[in-house]
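Shown next, in structure tokens, is the structure this report addresses.
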Amino acid sequence: MPEGHSVHRLARQFQDVFGGRRLDVSSPQGRFAAGAQVLTGHTMVEAMAHGKQLFLRFDHELFLHVHLGLYGAWNFGGDSTFTGASSIGAPRRIGEKESGPAADDTGYVGPPPPVGAVRVRLVSDHGWADLRGATTCAAITSAEAQAVLDRLGPDPLHNRGGDRDEFIRRLRRRKTAVALLLMDQSVLAGVGNIYRAEVLFRQAMDPWTPGSSIGVESAGQLWDDTVDAMSDGVRDGRIVTTPPTVWTGGAAMAPDADAHFVYKRDGMPCRACGTIVGMTEIGARKLYWCPGCQV
DNA sequence: GATTAATGCTAAA
DNA sequence: TTAGCCTTAATCT
């Protein structure tokens with residue numbers, strides 16, 4: 001469910017509610033029992049994200065490494081101290097999903113009985129977090145965490161010095177179609193199927209353009225627009241790639257139906273040129289694009 | 001009530 | 001190239 005923006009929001013959420021707190025770690029489902037035992041009782045020092053990877057660093061320098069995959073999600077709950085600590089603007093969404101059972105201000109005595117396959121449960125004095133459906137969930141060393149980071153490209157949501165140039169290098173190094181390169185986490189980390197389609201449209205770029213034939217300037221603009229689009233996603237907790245001018249009825253927030261230019265709009269006329277939006281499978285994922293604008 | 005598709009990726013075949 | 005993870009919402013009978 002999530003692209004990079006959701007994972008960055010999660011990292012902020014974890015930092016806010018669990019930063020500096022001692023956690024009880026368990027695995028109600030059982031598959032993470034060994035990892036839970038290694039982490040439980042320790043203090044979560046820092047939460048961080050790179051692309052779609054989430055790392056929680058504990059005070060003995062072990063990390064909880066989580067990748068949500070296609071349908072993993074975290075649910076949070078707790079007392080008013082806990083939920084009030086979040087700095088993420090409303091509406092709070094976790095893994096693009098409303099955050100579980102609401103906090104019960106008055107009667108909070110602890111987390112509810114786990115529902116379904118809860119791989120990990122984190123519990124502090126004031127709240128809890130449940131993980132289900134994740135692809136990756138492991139307790140790892142800092143060396144192992146570094147190894148995960150080493151195979152990832154630059155993250156547009158960090159956009160550190162040198163990241164832009166590094167992306168340009170990695171993109172132009174290969175002859176693969178740009179539509180595939182944008183989904184390759186070793187080229188850049190955090191973009192998924194929605195941002196891939198939407199940014200290519202916004203840049204009027206043919207999805208089948210080989211990376212090697214993209215100019216330095218175009219590649220740089222592709223990075224800049226990805227930074228913009230994903231930063232909006234972190235702010236909104238939602239992927240909206242269209243400007244207010246295309247939102248029906250002059251709405252203050254984008255109606256879901258108007259949030260994208262091409263994603264899941266196959267068979268409908270392009271918002272810009274009227275050409276019917278196309279869809280095809282590439283790399284086992286659906287690619288949406290406008291044959292009129294993206295040439 | 002059953003089936004499918006989904007903002008992803010790994011590992012087995 | 002395909003199965004698998006094992007959730008959820010939307011779409012189907």
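Proteins get letters first, then strands, A, B, ... in listed order; numbering begins at 1 in each.
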query = Can we say Glu61(A) and Arg57(A) salt-bridge, meaning some charged N sits less than 4.0 Å from an Asp/Glu carboxylate O?
reply = yes

ask   = Could Arg202(A) and Glu198(A) be called an ion pair, given the rule that one side-chain N must be under 4.0 Å from one carboxylate O?
value = no

request  = Using the C1' atom on both, measure dT2(C) against dT7(B) and round to a whole Å.
outcome  = 22 Å

query = dT8(C) and dT10(B): how far apart are their P atoms, nearest whole angstrom?
reply = 23 Å

Between atom [atom1] in [X] and atom [atom2] in [N], what is the gap in whole Å?
| X | N | atom1 | atom2 | result |
| --- | --- | --- | --- | --- |
| Leu182(A) | dC9(B) | CG | P | 13 Å |
| His260(A) | dT7(B) | NE2 | C1' | 9 Å |
| Leu70(A) | dT7(B) | CG | C1' | 8 Å |
| His50(A) | dC9(B) | NE2 | P | 12 Å |
| Asn193(A) | dC9(B) | CG | P | 10 Å |
| His67(A) | dT7(B) | NE2 | P | 14 Å |
| Leu54(A) | dC9(B) | CG | C1' | 16 Å |
| Arg285(A) | dC9(B) | CZ | P | 7 Å |

ask   = Near DNA chain B, which residues from residues 139-151 of chain A have a heavy atom under 4.0 Å away?
value = Arg151(A)

ask   = Does CD belonging to Glu217(A) count more than 12 external heavy atoms closer than 6.0 Å?
value = no

task = Would you indicate what Arg196(A) reaches in the nucleic acid, counting non-hydrogen atoms under 4.0 angstrom: base, sugar-phosphate, or nothing?
result = nothing

query = Which is true for Tyr263(A) with a 4.0 Å heavy-atom rule: it touches a base, it touches only sugar-phosphate, or it touches nothing?
reply = sugar-phosphate

message = Nearest to the side chain of Lys286(A), heavy atoms from C-beta on, is which of dT7(C), dA6(B), dC9(B)?
response = dA6(B)

key: side-chain contact (heavy atoms from CB on, under 4.5 Å) against Gln146(A), all qualifying residues, sequence neighbours excluded   = Leu149(A), Asp150(A)

request  = Please name all residues satisfying side-chain contact (heavy atoms from CB on, under 4.5 Å) with Leu180(A), sequence neighbours left out, ordered by chain then number.
outcome  = Thr176(A), Ile282(A)

message = Does dT7(B) have OP1 or OP2 under 4.0 Å away from a side-chain N or O of Arg238(A)?
response = no

key: Short side-chain N/O contact to dC9(B) OP1/OP2 from Gln185(A), under 4.0 Å   = yes

task = Mind telling me whether Phe55(A) and His65(A) have parallel, tilted or perpendicular rings, with 30° and 60° as the class edges?
result = parallel

ask   = Got a second to check how far Leu157(A)'s CG is from His8(A)'s NE2, nearest 0.5 Å?
value = 4.5 Å

